[in-house]
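The structure appears below as structure tokens.
Note that ligands are numbered from 1 as they come in the structure, with each ligand's atoms numbered from 1 the same way.
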Amino acid sequence: MLPFSRVAILGLGLIGSSVARAIRAAMPTVRLSGSDADPAVRARVIELDILDDVADGAGAAVVDADLVILCVPVGAMAAVAAEIAPELSPGTVISDVGSVKGQVLADLTAALPGMAIIPAHPVAGTENSGPDAGFATLFRNRWCIITPANDADPLAVERVKSFWTAIGSNVEVMDARHHDLVLAVTSHLPHLIAYTIVSTASDLEDVTRSEVIKYSAGGFRDFTRIAASDPTMWRDVFLSNKEAVLETLQRFSEDLSALQRAIRWNDGDALHTLFTRSRAVRRAIIDAGQDTAAADFGREHE
Ligand SMILES: NC(=O)C1=CN([C@@H]2O[C@H](COP(=O)(O)OP(=O)(O)OC[C@H]3O[C@@H](n4cnc5c(N)ncnc54)[C@H](O)[C@@H]3O)[C@@H](O)[C@H]2O)C=CC1
Ligand SMILES: O=C(O)C(=O)Cc1ccc(O)cc1
């Protein structure tokens with residue numbers, strides 16, 4: 001039996017449109033509605049024909065839905081929740097895909113008292129945005145972390161778990177605060193570092209912009225992919241996960257200072273030890289089947 005039969009998706013960019021495509025592929029009988037604040041996105045989604053019904057407003061999209069998924073930047077979750085509040089039927093499950101969970105759980109709980117709120121974070125994405133960037137296999141074999149409050153309805157949690165499993169994800173349930181700490185290290189800090197490196201390189205006065213582009217081999221090129229990620233989305237991530245990001249950044253700055261000292265004092269052993277440890281982390285990720293670059297390449301050519 002399907003966990004949900006009428007799903008509404010609010011925010012039809014990379015993630016919202018991918019969720020829609022994945023539902024169509026895995027659960028074709030589910031009735032799909034949705035909306036987006038941007039009229040150009042709504043028009044494009046109608047052209048792409050990935051939903052049964054594209055409404056002009058979020059309120060109209062959620063009428064009769066048994067699952068509503070908010071796929072907007074984390075800073076817009078509270079406003080969207082307030083907009084849909086009067087239109088929700090009792091028993092509707094509310095979820096989201098935000099990259100930060102503590103703030104979103106608090107915002108949704110405040111705006112939708114008494115509703116079943118089961119936040120989720122598919123740890124899958126790309127640097128692209130908008131409905132054309134989405135694809136049905138985005139969540140296949142990727143983790144989706146579900147972060148319900150302690151007193152959440154266990155049946156609603158099970159239904160959201162089944163939903164993500166049906167579209168190919170591996171599901172883990174975690175406390176929202178713990179999620180935010182883990183993701184600060186594995187996702188938010190790396191994005192901050194990529195934004196900084198690209199900005200530093202293009203600011204350097206003795207290296208012209210064209211040289212940065214011309215000689216952007218290997219490492220720098222990889223950083224530019226991450227640094228091309230959506231500015232609104234990432235502004236919201238850093239402002240919503242301030243505490244964990246600042247804590248992680250403090251640790252990172254200390255480690256960077258230690259490296260600086262090792263280089264200054266020709267401490268080759270310290271450098272070698274650190275680089276050896278890092279290489280082991282990369283190998284562990286590959287052994288665990290979590291290196292997604294090859295998989296992404298495969299998908300683009302499916
Ligand atoms: N991009 C990624 O790789 C991943 C993103 N996420 C999360 O998914 C969410 C969506 O991100 P993307 O799909 O990448 O962004 P996107 O920029 O591709 O799509 C977001 C859409 O939300 C719409 N929107 C913004 N404010 C709105 C409002 N008040 N009402 C209705 N629609 C509104 C925008 O017009 C846009 O079409 C974010 O919370 C992000 O943190 C989660 C996993 C991966
Ligand atoms: O493109 C990449 O490398 C990403 O890291 C994608 C991504 C961005 C944000 C998330 O919350 C989850 C995944």
One thing to verify: whether [Y] and [X] come together as a salt bridge, which I'm taking to mean a side-chain N less than 4.0 angstrom from a carboxylate O.
X      : Y      : result
Asp175 : Lys101 : no
Glu254 : Arg251 : no
Arg44  : Asp132 : yes
Lys242 : Asp180 : no

When you pair each N or O of ligand 2 with protein N or O atoms, which pairs come out under 3.5 Å?
{"residue": "ligand 2", "atom": "1 (O)", "partner": "Arg225", "partner atom": "NH1", "Å": "3.1"}
{"residue": "ligand 2", "atom": "3 (O)", "partner": "Arg225", "partner atom": "NH2", "Å": "2.7"}
{"residue": "ligand 2", "atom": "11 (O)", "partner": "Ser99", "partner atom": "OG", "Å": "2.7"}
{"residue": "ligand 2", "atom": "11 (O)", "partner": "His121", "partner atom": "NE2", "Å": "2.6"}

Notebook entry, point to check: When Ile, Leu, Val, Met, Phe, Trp and Tyr are grouped by side-chain heavy atoms lying under 4.5 Å apart, directly or through other members, which residues fall in the same group as Met1?
Noted result: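 None, because no other hydrophobic side chain comes under 4.5 Å of this residue.
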Notebook entry, point to check: Linking Ile, Leu, Val, Met, Phe, Trp and Tyr through side-chain heavy atoms less than 4.5 Å apart, which residues share a cluster with Ile263?
Noted result: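 Its cluster mates, by chain and number, are Leu259, Leu271, Leu274, Phe275.
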Item checked: Those protein residues which place at least one heavy atom below 4.0 Å from ligand 1 ->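 Heavy-atom contacts below 4.0 Å: Gly11, Gly13, Leu14, Ile15, Asp36, Ala37, Asp38, Val41, Cys71, Val72, Pro73, Val74, Ala76, Met77, Val80, Val97, Gly98, Ser99, His121, Pro122, Ala124, Gly125, Thr126, Ser129, Gly130, Met233.
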Margin query: Can a side-chain donor-acceptor contact be found between Arg21 and Ser17 if the only test is distance below 3.5 angstrom?
Written below: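 Judged by distance alone, the side chains do pair up.
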Next item on the list: Report the relative orientation of the aromatic rings in Trp234 and Tyr195; use parallel for angles under 30°, tilted for 30 to 60°, perpendicular for over 60°.
Entry: perpendicular
Checklist line | Main-chain N/O of Phe135 paired with Ser18 side-chain donor or acceptor, under 3.5 Å | finding: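 Yes; judged by distance alone, with no hydrogens or angles, the pair exists.
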